[in-house]
Number of protein chains: 2
Amino acid sequence: MTKAARMSVWLEDSAVRAPRTRRSEQPSGLDRDRITEATVKLLDAEGLAKFSMRRLASELGVTAMSVYWYVDTKDDLLELALDRVFAELTVPAPEAVDAGDWREQLRGLAATYRAVIVRHPWISPQMGNYLNIGPNSLLFSRAVQRVVAATGLSLTRQRGAIASVFQFVYGYGTIEGHFRRRCAEAGLSQDDYFREAMAAFRVPEEMAEDFRQAEEMVAAVEGGQTVEEMRDADFQVALDLLVAGIEALVAAEGPAPS
Amino acid sequence: MTKAARMSVWLEDSAVRAPRTRRSEQPSGLDRDRITEATVKLLDAEGLAKFSMRRLASELGVTAMSVYWYVDTKDDLLELALDRVFAELTVPAPEAVDAGDWREQLRGLAATYRAVIVRHPWISPQMGNYLNIGPNSLLFSRAVQRVVAATGLSLTRQRGAIASVFQFVYGYGTIEGHFRRRCAEAGLSQDDYFREAMAAFRVPEEMAEDFRQAEEMVAAVEGGQTVEEMRDADFQVALDLLVAGIEALVAAEGPAPS
DNA sequence: ACCTGAACACCGTTCAAGT
DNA sequence: ACCTGAACACCGTTCAAGT
């Protein structure tokens, strides 16, 4: 069996090479933390496509290859950056989870997850690329699992329930984040971009009958509602649906074994 | 207001430059269709990261710049490739939708969508990048909207319902597709990769209590169940949940106005 | 232990030139 | 109308060398 390449930075034997983060002053003041921080800042500002090791190095006032003393590859660095933004997730402590209603808790977790994805659109394509076993990712997973366990759903069905909620939020946040990025790049507000796109594009006649919601959206935006308001509203409807769906599954399973 | 860059290949004024697809023979036998086909083939075989205009050109037995006669940019080409794989979606005709039960139809659409995303993992990051208004994408959207309209849900809530189902499938398929790609790259079966990852990684003790499902998965795989079987099962649970959720929302809205 | 510079094998795309 | 070749301004990463 071929030895697979390292699966994750988080599985690296951190004792092999020195701590990579020093208390004492380096010549350039570099360490993993400062590098990761600068990476996130650059990714937020300029996007994944424009990010490069050379660009990062110049931002840090250092030569391109200096960074490689602290990280093995660009991929490792991106994995570190990914977990770093997950630190922004608002995660309730286990006791707080147990004290609250799962419906509320689930909505809260969905909301914080969505916010982080939308705020950092570059993480969406990254999340699929890594195992997501960084410390902050684990803290979030833990909370998710604890909340869903509190629904009373059987263990086997909990995975499906978690997937339906958080893959939805992932997909929704991804589209949202990308759209915001496109608007920013085009120098347009979300509403203006939406209007321009709708003006440029005509649904083929024979399909018009089935695109009534699109028409409704156009009408709403023209009526003064913002694209963001509509997206918030749709998100809430979806969460209502998901919570109701979980309740239905729980009811269908019958009373939990004591 | 700054004139935004072209929003989509599909909005390009195709009359400006000649049809780009010729009946008669080109010196190299190139046309948009052949180029798009080769692009999909390469992306499937080697992934988005390794795809390049030069690599494509050499596959077509042509110089790198020849391709630029038929497409303006690499981005445009990727947008064409995206809609081309959507041709693989099994989309029921409007009459077929009207004749069937929306529950079944919705499951069918979710299944075909998932299959395409998993088969072509490179499309996930692309879908967010484009407006998805190609002909095949529209055909699918049309069917989705028609099916969800048949649930009896109010027009405003239909968007939330569509999002909950298809953003879920997008997220789920994305993770699945990426996982398969990682396995293929590591030269391991999905089950072996899963086992190796689980062996390499230990959940921190203080969190063990909340990671019972992960334990359950490990036990199931050791018991001979395949990772794919479990994913199929979870997918079905999620669809059950979503269908039940839609039914609950419909019931909560009360009888539809005639 | 940490950082640099030169070099290798790549990119997407422009532009002038060929047929 | 279609295709090529050279060139520009980039990449990630290796490797030998400096301090």
What is the distance, to the nearest angstrom, from the CG atom on A:Leu48 to the P atom on D:dG12?
11 Å

From CZ of A:Phe51 across to C1' of D:dC10 the rounded distance in Å is 15 Å

With sequence neighbours excluded, tell me which residues meet salt bridge (charged side-chain N to carboxylate O under 4.0 Å, His left out) with A:Glu229.
none

Is the ring centre of A:Phe194 less than 6.0 Å from the ring centre of A:Phe179?
no

B:Arg55 CZ - C:dC11 P separation (whole Å):
9 Å

Give a yes/no answer on whether the side chain of B:Ser66 brings an N or O atom under 4.0 Å of OP1 or OP2 in D:dT4.
yes

It should be established whether A:Tyr70 places a side-chain nitrogen or oxygen under 4.0 Å from OP1 or OP2 of nucleotide C:dC3.
yes

Among the nucleotides D:dC2, C:dC11, D:dT4, whichever has the atom closest to the side chain of B:Ser52 is C:dC11

Note, B:Arg181 side chain near B:Trp122 side chain (heavy atom, < 4.5 Å)
no

Would you mind reading off the distance between A:Asp72 atom CG and D:dG12 atom P, rounded to a whole angstrom?
15 Å

Nearest whole angstrom, please: distance from the P of C:dG12 to the CG of B:Asp75.
11 Å

Of the options D:dT4, C:dC11, D:dG12, whose atoms approach the side-chain atoms of B:Arg54 most closely?
C:dC11

Starting from P on C:dT13, measure out to CG on B:Leu56 and report it in whole angstrom.
12 Å

So what is the 5' to 3' dot-bracket string for DNA chain D, if pairs are Watson-Crick or G-U wobble with both distances under 3.5 Å, crossing pairs use [ ] and | means the partner sits on another strand?
||.|||||...|||||.||

Go through C:dT13, C:dT4, D:dG12 for me and flag the one nearest to the A:Met65 side chain.
C:dT4

Nearest whole Å is fine: how far is D:dC11 C1' from B:Met53 CE?
17 Å

Round to the nearest Å and state the distance from A:Ile35 atom CD1 to C:dC2 atom C1'.
12 Å

Pair B:Glu59, B:Arg55 - check salt bridge (Lys or Arg N to Asp or Glu O under 4.0 Å), show working.
CA-CA 6 Å; B:Glu59 202 71 11; B:Arg55 178 81 188 76; 2.7 Å; yes

Ring centres of B:Tyr172 and B:Phe235 under 6.0 Å apart?
yes

By nearest atom, which of the nucleotides C:dT4, D:dT13, C:dA1 is closest to the A:Trp69 side chain?
C:dA1

5'-most contact on DNA chain D (nearest-nucleotide basis), A:Lys74 vs B:Ala64, goes to B:Ala64

Would you say A:Trp10 and A:Leu131 make side-chain contact, with heavy atoms under 4.5 Å?
no

Less than 4.5 Å apart, side chain to side chain, heavy atoms only: is that true for A:Asp83 and A:Phe86?
yes

Options D:dT13, C:dT13, C:dG5, nucleotide nearest the side-chain atoms of B:Thr73:
C:dT13

